[in-house]
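Computed from a prediction, not measured in an experiment: that's the story for all the values here. Throughout, protein chains are lettered first and strands after them, A, B, ... in sequence-line order, and every chain is numbered starting at 1.
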Amino acid sequence: MNKPFLGEFEELVLILVAGLHENAYGAAIADEIEERLGRDANLSAVHVTLYRLEDKGYIRSKLGGGTNQRGGRRKRIYTITSAGMAMLRVMKEARIDLWKMVPELKVSKI
Amino acid sequence: MNQEHSHWLKGAFRLLESVCPEDLYEEIEGDLIQRFQRDQKKLGARRARLKLLWNIIRFFRPGILFRRKFSFQFNTITMLLSYFKIMVRNMHKTMNYTLLNVLGLALGITCALTIFLYVYDELTFDRNHARYDEIYRLNGGWKSMTDGSSDAYTGVGYIVGEYFKKDFPEIDQMVRIQYWGMNIEKPGTDEQISEHTSRVEPDVFKIFSFEFIAGSDRNPLPDANSMVMTRKTAMKYFNSVDVVGKTLKSFGHDTIDWKITGVIEDYPDNTQIKMDIITKLVPPNDLQANADWFEYRYRTYFTLKPNASIRAVEDRIQFFTKPYVSDYEKEIGFTQEHSIIPFSKIHLYSHLTGENNPQASTVFIFLIIGIFILVMACINFINLATARSLKRGKEIGVRKVAGALKSQLMLQFLSETLFITILAALLSVIAVYLLLPSVNSYSGKNLTIFNNSAFWTMLGMIVLIVSLISGGYPSFVMSAFKPSETLKGTLRGSGINQRLRQALVVFQFVVSISLIAGTLIVVNHLNFLRSKELGFNKDQVLLIQRATQATKEQIVNIAGVVQASFSNKVPGMLTTGRTIINGWDKSDPQVVMDQLVVDYDYIDLYDLEILEGRGFSKDNPSDATEAFLINETALSKLGYKNAKEAIGGELWLDGDWGDGKKGRIIGVLKDFHTNGVNSPILPFSMFMHPNAMRVLSVKISSSDLPGVLAKIEEVYKTTAPNRVFVYSFLDQDFDRQYQAEDRFMTIFTFFAGVGIIIGCLGLYGLAMFMAEQRTKEIGIRKVLGATGGSILALLTSNFLKLVAISFVLATPVAYFGMEQWLSKFPYREQISPMLFVITGCAVLAITVLTVSYQAMRAATGNPVNALRAE
């Protein structure tokens with residue numbers, strides 16, 4: 001099921017992994033989505049997406065340190081790979097290309 | 001981790017852990033907790049907890065569940081052997097418990113197997129016929145237009161089948177079977193054997209399945225004197241099955257030479273079509289069109305064309321005869337009634353006149369009992385296993401520390417349970433094998449285990465299911481022990497387990513109490529039936545068929561013979577098929593009443609009581625032709641308010657008794673049970689007629705029954721030459737009525753006993769365990785001065801509480817169930833509350849006995865031994 005392109009949520013999560021650096025783990029990513037985009041992100045959805053991305057090779061993971069807040073359980077920190085970075089770049093350019101068709105985000109009058 | 005988390009959350013986490021990929025679980029749990037902490041601050045503890053639960057549930061999704069790498073831990077042979085060794089050692093150490101467990105399970109499985117064998121036999125009745133669910137039977141019957149009484153039979157008239165096929169295009173094939181009888185001479189001897197035979201139409205071989213071992217099924221009955229017989233019959237007469245072409249002679253109305261054209265395989269026991277000798281059905285040549293509609297001698301079966309609906313036939317069945325008989329119906333005052341029943345349903349659901357089928361409810365009751373007993377045995381096992389599991393805590397702790405996975409531990413304990421179950425199953429097979437002969441003779445069946453694939457399948461399934469149920473829960477509990485607790489010695493049985501155990505004990509008690517109460521009620525009822533006054537004297541009455549007047553005259557001279565009397569029927573044989581006109585006018589109403597035709601000695605022989613008027617007397621010659629007696633039940637039917645009124649009443653008998661007998665009522669008999677205590681009392685008119693010499697009742701008063709019988713047989717042979725001496729005893733015939741209830745009672749009692757034993761076993765085991773658990777506590781109490789008695793009370797009080805609860809629960813259940821069963825009997829007593837009191841006391845006594853033995857041992861032990869530290 002390895003499509004050459006990412007789904008919308010997958011892209012979202014991938015960007016956040018790239019952006020959050022050493023805070024790129026399940027709960028934090030979910031929090032970011034809720035704060036920045038205002039939409040509810042279910043924890044399980046985020047986790048499953050992270051696993052899928054790792055299967056596709058766009059990110060890699062390592063178990064990190066535990067905190068009291070988590071009752072001592074360790075986090076799994078994700079980092080983006082070069083393949084992941086490349087995929088993001090491709091998608092971003094494809095999108096910009098499409099946006100050129102609608103300059104200034106206005107629909108032209110007939 | 002917040003210690004305030006509720007049980008539910010803990011359980012949910014554990015469940016998630018069990019399905020989650022091992023390496024991912026920790027971070028998932030951490031994230032969940034982090035979220036929870038945040039939610040707690042934002043939304044408060046309550047909502048946060050709910051959200052947590054919801055979040056956990058959402059983790060049960062394909063993305064997580066299917067990620068789990070099903071690592072097949074290859075438990076090598078060595079591992080399994082090690083499990084086996086440990087298990088055997090364990091069993092040896094705790095021999096008492098192990099024995100209890102195995103025995104309890106064996107008992108349960110034996111009962112379940114026996115019951116299931118019986119139920120399977122009943123439910124697969126008639127399946128030896130391939131077209132079993134395509135066949136239907138047409139039933140006949142009549143209904144009186146004057147007083148609404150009716151009756152239904154398994155057969156119809158010959159003519160009915162013909163018109164039935166004509167009027168219903170849905171019908172594909174229609175066949176008739178007529179039951180017949182003849183005396184067949186054994187070749188090479190003078191001996192005649194009285195046989196039940198069947199006369200059938202050739203299509204019967206297309207609808208029902210018969211396996212031909214000689215001759216062909218193409219045209220099995222080509223001629224009117226062709227005969228097909230079963231293997232058994234062929235062996236009986238010829239000692240071989242190679243008999244096609246041979247002849248047999250029969251004597252009946254006429255003497256016939258039969259030519260054998262085929263031999264079929266014997267039929268299995270569980271079928272209703274039991275035909276040993278089959279000949280061709282010839283249409284009757286004395287077909288009186290009208291009367292034949294109201295005749296019921298031909299069993300008529302049919303099949304439908306494909307795509308035809310039985311509903312369509314059922315809808316029209318009531319009225320299809322109207323165009324042919326409605327005039328005649330008006331003339332005789334009866335309407336023709338028809339119904340249809342699928343062949344597959346006949347055995348359990350058809351109970352028409354002349355049928356002797358078991359009740360479907362009986363079969364299902366036994367099935368439920370079987371299942372319950374099995375469940376009880378499993379419950380015992382679970383209780384004992386969970387209770388004793390604490391003892392193995394150290395072993396489990398060490399195993400876990402050494403790296404055992406939960407799944408491995410579960411496998412270990414499940415396989416232990418499986419082993420014990422298999423042991424129990426082996427014992428059961430032996431037990432069933434030993435019990436089967438008695439079961440068979442008792443139920444009149446022929447159950448076997450050897451060629452019976454159904455039996456072994458059932459056994460396998462029972463073993464699997466029992467192991468899973470009995471082993472599943474304890475394994476789950478045991479594999480979850482925390483090594484830290486077990487090795488430190490602080491392991492305590494959790495509260496849930498205690499509650500569950502108590503609930504299970506209550507369940508067992510409820511079942512046992514219901515069984516005991518039920519048994520008492522059944523026994524009571526049977527005694528009631530037995531001792532109920534029948535109203536006539538049936539002791540030492542011999543019934544002889546086809547005797548002559550000379551026979552009667554000579555028999556009364558035999559020493560030991562008190563009296564003899566001819567009649568057309570004896571008590572027990574009355575029916576509803578006859579009518580009498582209540583008056584001497586053609587316009588007077590016809591009333592449905594049976595006709596009891598007797599001679600002068602009848603009333604005396606049977607000790608019948610006359611309420612009003614008088615019996616037949618030789619002093620009044622008109623008694624022989626114009627006198628009637630009626631019984632009390634007939635009074636209301638004829639419209640009389642009391643017996644006095646009835647004397648002198650006019651009655652007119654027409655039809656069968658030739659001359660159309662007009663007469664008056666000279667006496668009224670006190671009611672007696674005409675057909676036994678399980679049937680309502682039928683009304684009848686009693687009169688005399690020289691043609692009524694069907695049955696000779698002989699009252700005997702002698703201690704040498706065989707001797708008198710022999711002399712009677714001699715007299716018969718001389719006075720009725722060329723006739724077969726057929727006799728029976730009236731009281732035996734009557735007792736056969738109670739056979740069904742008798743058997744039911746015995747079997748019910750037996751299983752009640754088993755249920756109670758299993759319950760006791762469980763109780764004993766639990767008591768043993770409990771005493772062990774509290775040894776230290778008891779030791780301390782004794783040291784502090786408690787008496788043996790107070791300790792006894794302490795230990796038993798727990799159980800007594802449970803018994804009380806069970807009693808309260810069980811009583812309404814038992815009452816309701818037995819009420820249902822009893823309501824089917826026309827004569828019965830009310831269920832007395834005394835019964836339940838007795839049951840309660842019995843259960844109390846049993847509990848106290850079982851528990852106190854263990855409690856005694858604990859109470860009288862030396863406290864020093866108890867307190868010695870391990």
Side-chain angles (χ1 to χ4, degrees), chain A residues 1-3 6-7 9-10 12-14 16-17 20 22-36 38-79, chain B residues 1-43 45 47-70 482 484:
Chain A
M1 216 217 21
N2 278 324
K3 310 195 297 246
L6 296 179
F9 196 68
E10 286 176 324
L12 201 51
V13 169
L14 190 54
L16 283 173
V17 168
L20 284 176
E22 55 303 333
N23 265 337
Y25 64 96
I29 296 179
D31 286 345
E32 279 297 317
I33 297 181
E34 278 183 13
E35 277 175 33
R36 283 178 185 260
R39 70 195 249 191
D40 274 329
N42 185 271
L43 205 48
S44 57
V46 171
H47 270 258
V48 166
T49 311
L50 285 168
Y51 303 150
R52 237 185 275 143
L53 286 173
E54 185 167 13
D55 285 344
K56 291 185 186 172
Y58 298 141
I59 55 183
R60 72 171 81 88
S61 69
K62 219 164 60 163
L63 277 174
T67 69
N68 238 353
Q69 205 196 19
R70 299 162 63 86
R73 274 93 175 146
R74 295 174 289 173
K75 317 172 188 174
R76 187 175 281 271
I77 313 290
Y78 291 87
T79 42
Chain B
M1 181 78 163
N2 208 331
Q3 292 301 348
E4 292 162 11
H5 283 190
S6 65
H7 260 112
W8 296 113
L9 286 179
K10 265 218 183 104
F13 270 120
R14 288 234 300 253
L15 198 56
L16 180 59
E17 185 176 1
S18 65
V19 295
C20 202
E22 308 251 348
D23 43 348
L24 298 175
Y25 179 68
E26 187 181 352
E27 87 226 28
I28 293 179
E29 200 182 20
D31 277 357
L32 285 167
I33 295 174
Q34 185 177 322
R35 262 291 156 103
F36 171 70
Q37 300 283 19
R38 187 195 73 172
D39 287 340
Q40 216 179 18
K41 292 197 193 86
K42 253 198 325 189
L43 307 166
R47 286 204 60 187
R49 248 184 256 146
L50 283 176
K51 283 201 80 179
L52 178 56
L53 193 59
W54 174 238
N55 280 335
I56 295 178
I57 293 179
R58 296 253 359 225
F59 263 95
F60 285 88
R61 54 195 291 166
I64 300 276
L65 296 173
F66 292 156
R67 269 194 99 78
R68 198 197 171 89
K69 295 180 190 74
F70 291 109
K482 289 211 167 85
S484 56

- Task: Could you check if a side-chain atom of D31(B) sits within less than 4.5 angstrom of a side-chain atom of R76(A), using non-hydrogen atoms only?
- Result: no
- One should read off an interatomic distance between F36(B) CZ and L43(A) CG, to the nearest 0.5 angstrom, of 14.0 Å
- Decide, yes or no, whether a salt bridge links D31(A) with R35(B) under the criterion of side-chain N to carboxylate O below 4.0 Å. yes
- Query: Do any N or O atoms from the side chain of R70(A) and from the backbone of E27(B) form a donor-acceptor pair under 3.5 angstrom?
  - Reply: yes
- Query: Hey, what do you get for NE2 (H47(A)) to CG (L32(B)), rounding to the nearest 0.5 Å?
  - Reply: 7.0 Å
- Message: How close do E26(B) and G72(A) get, counting heavy atoms only, and between which atoms?
- Response: OE2-O, 4.4 Å
- Mark yes when over 12 heavy atoms from residues, nucleotides or ligands other than R61(B) sit less than 6.0 Å from its CZ; otherwise mark no. yes
- Query: Once you round to the nearest 0.5 Å, how far does CD1 of I28(B) lie from OG of S44(A)?
  - Reply: 9.0 Å
